[in-house]
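Scope of the values below: all heavy atoms of this structure, side chains included, with no hydrogens, waters or symmetry mates.
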Amino acid sequence: MNIKIEKKYPIADETTFKIGGEAEFFVSVHCRHQLEDAVIQADRMDVPVTVLGGGSNVLVSSKGVDGLVVKLRSGEIEFLSREENLIRVGAGVSLPRLAGFCLNHSFTGLEWAAGVPGSLGGAVYGNAGAFGQSIADVVKEVEVLKEGEKKVLPLKEIDFSYRNSTFKRDNLTILSASLKLKSSNKEEIKEKIDKYIEYRNKNHPMEMPCAGSIFKNPETKIEDAKLIEKYPLLKDFNQKGIQSAGYLIESVGLKGHSIGGAAFSERHANFIVNQKEADSEDVKNLIKKAKQEVFERFGVNLEREVRFIGV
């Protein structure tokens with residue numbers, strides 16, 4: 001299958017952050033077979049490979065990226081069993097397109113994905129989710145490339161955890177995933193999708209270039225009585241056993257704080273926005289500052305959700 005590899009390709013516009021230098025080599029692919037060919041070609045060229053789906057949840061170095069960057073432009077959705085509501089989805093399929101497919105076929109379980117500017121492959125890689133749900137809830141098996149060999153991993157061999165997975169830890173290339181969905185009422189599915197998108201538009205800086213949530217929400221309790229008295233919402237988060245990274249960042253006074261062209265969003269402090277030609281160092285320094293100040297104030301170590309590429 002023919003794929004065209006380009007040299008010194010600017011990749012900032014291939015990311016939702018609109019940040020990034022040139023890729024040493026670059027190729028666009030439109031199906032899982034082309035993706036497989038691209039990864040094999042990178043192996044022949046003896047260069048590292050980086051796969052970009054929707055380009056969200058990543059910070060690409062402004063100095064550029066070595067090796068081959070593979071951009072997933074699209075992908076396939078096909079039924080494996082209509083009776084069992086089982087579908088196979090290519091890694092390049094966008095989450096909004098997948099959510100729309102599910103709506104059209106009255107499948108529930110992926111309403112949360114409707115407003116997420118990512119791809120199926122990236123979602124499985126980082127176990128993406130929202131509103132108390134995640135992609136792991138519907139995965140049955142995943143087709144991957146491992147050391148140049150195609151493998152299919154059933155769910156029992158996949159270790160999913162909060163914003164983490166086997167694929168992320170072992171750096172496997174995801175080709176496709178088989179998803180097992182449930183049937184529901186189309187009107188109820190549409191109602192959920194509309195509600196989730198409305199929430200995102202109201203509470204997230206959707207109108208500005210960003211990468212999504214910068215940090216994972218820490219799975220911990222803060223039991224210092226003085227801190228709870230000063231920051232009353234900590235008590236509510238303690239009951240859930242998980243803190244809000246955005247609330248912690250806001251509580252140390254960093255909401256709206258900027259370095260260079262990047263700033264913590266005024267709308268949601270766990271988002272960094274590219275407000276005026278930010279580079280990767282601006283974002284990296286904001287991340288470092290938030291980690292330091294939140295740890296000093298609350299004793300909580302914020303862990304990045306956004307993936308660094310070449311940074």
Side-chain angles (χ1 to χ4, degrees), residues 5-28 48-73 92 94-96 115-119 122 125-126 128 163 197 200-216 245-246 248-250 252-294 302-311:
I5 295 179
E6 302 178 63
K7 296 181 180 180
K8 296 185 182 293
Y9 185 94
I11 55 176
D13 285 343
E14 305 295 345
T15 74
T16 59
F17 234 151
K18 304 303 179 188
I19 294 173
E22 292 181 338
E24 182 180 9
F25 302 101
F26 180 88
V27 64
S28 295
V49 61
T50 301
V51 179
L52 277 183
S56 62
N57 203 229
V58 296
L59 174 65
V60 178
S61 172
S62 295
K63 296 179 181 178
V65 181
D66 293 333
L68 177 65
V69 174
V70 182
K71 174 67 177 182
L72 306 181
R73 297 288 183 196
S94 74
L95 293 178
V116 179
S119 66
Y125 182 85
R163 302 296 177 264
I197 290 179
R200 288 182 184 281
N201 290 335
K202 181 179 178 181
N203 295 283
H204 297 173
M206 306 300 289
E207 75 285 355
M208 299 188 73
C210 68
S213 297
I214 292 294
F215 296 105
K216 300 177 182 180
L248 297 178
I249 294 167
E250 183 176 351
V252 297
L254 289 180
K255 192 174 189 178
H257 182 79
S258 64
I259 294 179
F264 283 105
S265 170
E266 292 279 8
R267 190 173 296 180
H268 193 309
N270 197 23
F271 285 72
I272 292 176
V273 295
N274 178 358
Q275 56 183 10
K276 49 181 179 180
E277 299 181 357
D279 64 26
S280 56
E281 283 301 303
D282 295 337
V283 177
K284 187 178 178 181
N285 287 332
L286 277 178
I287 290 173
K288 182 179 179 181
K289 187 173 183 64
K291 284 177 64 71
Q292 179 180 334
E293 296 201 12
V294 167
L302 291 178
E303 184 180 348
R304 270 190 295 111
E305 182 174 332
V306 68
R307 179 167 62 113
F308 282 1
I309 298 176
V311 177

Atom pair [atom1]/[atom2] of [X] and [Y] - distance to nearest 0.5 Å:
{"X": "K291", "Y": "L248", "atom1": "NZ", "atom2": "CG", "value": "12.5 Å"}
{"X": "N57", "Y": "E305", "atom1": "CG", "atom2": "CD", "value": "5.0 Å"}
{"X": "I272", "Y": "F215", "atom1": "CD1", "atom2": "CZ", "value": "6.5 Å"}
{"X": "I214", "Y": "E303", "atom1": "CD1", "atom2": "CD", "value": "13.5 Å"}
{"X": "K71", "Y": "T15", "atom1": "NZ", "atom2": "OG1", "value": "8.0 Å"}
{"X": "L59", "Y": "T16", "atom1": "CG", "atom2": "OG1", "value": "10.0 Å"}

Please answer whether the main-chain N or O of [Y] pairs with a side-chain N or O of [X] as donor and acceptor at a distance below 3.5 Å.
{"X": "S213", "Y": "N270", "result": "no"}
{"X": "D66", "Y": "E24", "result": "no"}
{"X": "D282", "Y": "G261", "result": "yes"}
{"X": "R267", "Y": "N203", "result": "no"}

Do [X] and [Y] come within less than 4.5 Å of each other through their side chains, counting heavy atoms only?
{"X": "E293", "Y": "H257", "result": "no"}
{"X": "V60", "Y": "F17", "result": "no"}
{"X": "S265", "Y": "M208", "result": "no"}
{"X": "I309", "Y": "L52", "result": "yes"}

Decide side chain to side chain contact (heavy atoms under 4.5 Å, CB included) for R200 and V116; before the verdict, give the C-alpha distance in whole Å, the side-chain angles of both, and the deciding distance to 0.1 Å.
CA-CA 9 Å; R200 288 182 184 281; V116 179; 3.2 Å; yes
Minimum heavy-atom separation for [X] to [Y], with atom names?
{"X": "P205", "Y": "C210", "answer": "O-SG, 4.1 Å"}
{"X": "A269", "Y": "G246", "answer": "CB-O, 3.4 Å"}
{"X": "A278", "Y": "I19", "answer": "O-CG1, 3.5 Å"}
{"X": "V306", "Y": "A211", "answer": "CG2-CB, 4.0 Å"}
{"X": "T50", "Y": "R307", "answer": "CG2-NH1, 4.4 Å"}
{"X": "G310", "Y": "S61", "answer": "O-CB, 3.2 Å"}

Between Y9 and F26, what is the ring plane arrangement, given parallel below 30°, perpendicular above 60°, and tilted in between?
parallel
Salt bridge between R73 and E14, side-chain N to carboxylate O under 4.0 Å?
yes
Can you confirm whether more than 12 heavy atoms, excluding those of E277, are under 6.0 Å from its CD atom?
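No, CD of E277 has 12 or fewer neighbouring heavy atoms, counting only those of other groups under 6.0 Å.
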